[in-house]
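For reference, the structure discussed in these notes is given below.
Both backbone and side-chain heavy atoms feed into the values below; hydrogens, waters and symmetry mates do not.
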Amino acid sequence: MISRIDLRGDALPEGGALRDLLPRAEFDVEAALEKVRPICEDVHHRGTAALIEYAQKFDGVTLEQVRVPVEALKTALDELDPAVRAALEESIRRARIVHREQRRTEHTTQVVPGGTVTEKWVPVERVGLYAPGGRSVYPSSVVMNVVPAQEAGVESIALASPPQKEHGGLPHPTILAACALLGVDEVYAAGGAQAVAMFAYGTSGPDGCPPANMVTGPGNIWVAAAKRYFTGRIGIDTEAGPTEIAVLADSTAAPVHVAADLISQAEHDPLAAAVLVTDSAELADAVEKELEPQVAATKHVEDRIKPALAGKQSAIVLVDSLEDGLKVVDAYGAEHLEIQTADAAAWAARVRNAGAIFVGPWAPVSLGDYCAGSNHVLPTGGCACHSSGLSVQSFLRGIHIVDYTRDALAEVTHHVVTLAEAEDLPAHGAALKARFGWKVPTP
């Protein structure tokens, strides 16, 4: 059901050589880019008409308008299962607690007497958020995108989610209900690359969508490709690929927990990655044995879980020691990393590369997906070695404000002029000389 990679016996290679030994899903954004390019440009030129046409082509629905009526949001919330509403409200409450603490404050540094640099943090003006609507419905992604944007102070928030044939061309009602709970009333029935294009270019008319400064949220390969296409025109969070879980475990881990957690991510998608890294062959055997009955007892077995576990992106990786295991998980850079070892907190503290780390047997990835308070929009495909998950900071821009008096400028002018001339940019130095009668002040 799941393959093995045995890295025992020899010294582990370094850097890219180690990464190349580890399982990873094939996710060719560059190839998809050529397919989404004409879609994006069609939305640019035809706007809402193109969005309606693509809804018919890709989603099998005929739309009269793309923007979701506010009444539909209210109805979705009124009709939401009370238990689901309570769970979403608790998810929102916990996410707000965590994300509110992330907000940076303005700070002024006195560099010299009379010379200060202030860094102020300004939210982007408008963001477009994307909530997937393919194999599953993700109201949790609405929470994870909207809450940090709101806590950052973003004034204009819009959300897009694919139209659903079984729901009359509207996004899934649970998505709409989550929007209503969060106070987001600008929602569009648009999916895929065309939704990203709608946010990037904007569309006109009474049903139009003003352009956004930034687009965030997970999606399929077409969404990721569209984000790459528009990078530079808009800000993005990340080119999210298939979801990943890695578990670093030793002989103290419970096989039933490890197997359940691997399956929990495998049920997302046939390309989802489930990786166990362990120094215990006995645990590896026990987890393999435990997978079979747990897989047989759940849903989405043939179309998602079995292909995901059997795919080249999933494996049990055997290592000689937890020290080697730590090197492996750092090289892998998992979206979600669980530490199920003795003294798990100490091992977790040494991890350098992970989107989010889940410590011990009572902090499974599923908790983070919904109600830990952390954000579940995280870097995939090894990008955790250089990128972070979505947070309040994602929606803020740091702006430096430079304020110098005449005396403070005079004191440093000779250094500025020297550096400008060293770079053969004399006009840079002249901009200071002009302020002092074309003479360099004596320090």
### Task
Answer yes or no: is there a side-chain heavy-atom contact under 4.5 Å between Glu323 and Trp347?
yes
### Check: Ile263 main-chain N/O paired with Gln265 side-chain donor or acceptor under 3.5 Å
no
#### Entry: Heavy-atom neighbours of Tyr404 OH exceed 12 at 6.0 Å
yes
### Task
Examine distances only and state if a side-chain atom of Thr278 and a backbone atom of Ser280 form a donor-acceptor pair shorter than 3.5 Å.
yes
### Query
Between Asp285 and Arg4, does a salt bridge (Lys or Arg N to Asp or Glu O under 4.0 Å) hold up when you go through it step by step?
CA-CA 10 Å; Asp285 292 341; Arg4 289 199 184 193; 2.4 Å; yes
#### Entry: Heavy-atom side-chain contact between Tyr229 and Leu33 under 4.5 Å
yes
### Query
Distance only, no hydrogens: is a donor on one side chain within 3.5 Å (strictly under) of an acceptor on the other, for Gln340 and Asp261?
yes
### Message
Can you tell whether the side chains of Glu90 and Arg94 come within less than 4.0 Å, N to carboxylate O?
### Response
yes
### Query
In terms of the angle between their ring planes, are His268 and Tyr138 parallel, tilted or perpendicular, with boundaries placed at 30° and 60°?
parallel
### Query
Atom CG of Leu309 and atom CG of Leu291: how far apart are they, to the nearest 0.5 Å?
6.0 Å
### Query
Are the side chains of Glu41 and His45 in touch, meaning some heavy atoms are under 4.5 Å apart?
yes
### Message
If I compare all heavy atoms of Pro255 with all of Leu283, which pair ends up nearest, and what's the gap?
### Response
CG-CD1, 3.9 Å
### Message
Check whether Thr203 reaches the backbone of Met198 with its side chain - one donor and one acceptor, N or O, closer than 3.5 Å.
### Response
no
### Message
Walk me through whether Glu239 and Arg228 qualify under salt bridge (Lys or Arg N to Asp or Glu O under 4.0 Å).
### Response
CA-CA 7 Å; Glu239 295 177 7; Arg228 179 177 295 185; 2.8 Å; yes
### Task
Looking only at non-hydrogen atoms, find the nearest pair between Ala224 and Ala240 and report the distance.
CB-O, 3.8 Å
### Query
side chain to side chain donor-acceptor pair (under 3.5 Å) between Thr118 and Glu106: does it pass, once the steps are laid out?
CA-CA 7 Å; Thr118 298; Glu106 184 175 298; 5.2 Å; no
### Query
Would you say Gln150's side chain and Leu182's backbone share a donor-acceptor pair under 3.5 angstrom?
yes
### Task
Using a 4.5 Å cut-off on heavy atoms from C-beta on, say whether the side chain of Arg397 contacts that of Val124.
yes
## Note on the structure
Taking every heavy atom of Ala284 against every heavy atom of Leu318, the minimum-distance pair comes out as CB-CD2, 3.9 Å
### Message
Between Arg85 and Glu89 (salt bridge meaning N to carboxylate O under 4.0 Å), is one present in this structure?
### Response
yes
### Query
Below 4.5 Å, heavy atoms only, C-beta onward: do Asn375 and Ser391 meet side chain to side chain?
no
## Note on the structure
The reported gap from CG in Leu88 to OG1 in Thr174 (rounded to nearest 0.5 angstrom) is 8.0 Å
### Task
Before accepting this row, confirm whether a basic side-chain N of the pair Arg100/Glu151 lies closer than 4.0 Å to the acidic partner's carboxylate O.
yes
### Task
Taking the side chain as every heavy atom from C-beta outward, state whether Asn145 and Val377 have any pair of such atoms under 4.5 Å apart.
yes
### Task
Locate the shortest heavy-atom distance separating Gly355 from Ala384; write the atom from each residue and the value.
N-CB, 3.6 Å
### Task
Taking all non-hydrogen atoms of both residues into account, name the closest pair between Gly217 and Lys227 and its distance.
O-NZ, 2.6 Å
### Residue Glu14 excluded, over 12 heavy atoms near CD under 6.0 Å
no
### Nearest-0.5 Å distance, CZ of residue Phe395 to CG of residue Asp237
7.0 Å
### Message
If only side-chain N and O atoms count, and only distance matters, is there a donor-acceptor pair under 3.5 Å linking Gln393 with Arg103?
### Response
no
### Query
Within the distance-only criterion (no hydrogens, no angle test), does the side chain of Ser156 pair as donor or acceptor with the backbone N or O of Arg126 below 3.5 angstrom?
no
### Query
Is there a donor-acceptor contact under 3.5 Å linking the side chains of Glu282 and Ser251?
no
## Note on the structure
In this structure, NE2 of His336 is separated from OG of Ser366 (nearest 0.5 Å) by 9.0 Å
### Message
Donor-acceptor pair, distance only, cut-off 3.5 Å: does the side chain of Asn353 make one with the backbone of Asp330?
### Response
yes
### Summary
CG (Asp269) and CD1 (Ile305) are apart, to the nearest 0.5 Å, by 11.5 Å
### Message
Please check this pair: side chain of Glu335 against backbone of Glu244, looking for a donor-acceptor N/O pair closer than 3.5 Å.
### Response
yes
## Note on the structure
Minimal heavy-atom distance between Ala331 and Leu18, with the atoms involved, is CB-CD2, 3.6 Å
### Beyond-backbone contact of Val187 with Leu73, side-chain heavy atoms, under 4.5 angstrom
yes
### Query
Do Ser374 and Val98 come close enough that some side-chain heavy atom pair is under 4.5 Å?
no
### Message
If the threshold is 4.0 Å, N to carboxylate O, is there a salt bridge linking Glu26 and Lys312?
### Response
yes
### Task
Mark yes or no: Arg233 above the aromatic ring of Tyr201, with NZ or CZ under 6.0 Å from the six-membered ring centre and no more than 45 degrees from the axis.
no
### Query
Looking at Glu119 and Arg104, does any basic side-chain N land under 4.0 Å from a carboxylate oxygen?
no
### Query
Can any side-chain N or O of Ser141 pair as donor or acceptor with the backbone N or O of Ala131 at less than 3.5 Å?
no
### Query
Do Asp59 and Tyr54 have side-chain atoms, one donor and one acceptor, less than 3.5 Å apart?
no
#### Entry: Side-chain donor/acceptor of Ser314 to backbone N/O of Ala274, under 3.5 Å
yes
### Query
Would you find a donor on one side and an acceptor on the other, under 3.5 Å apart, between the side chain of Gln110 and the backbone of Thr116?
no
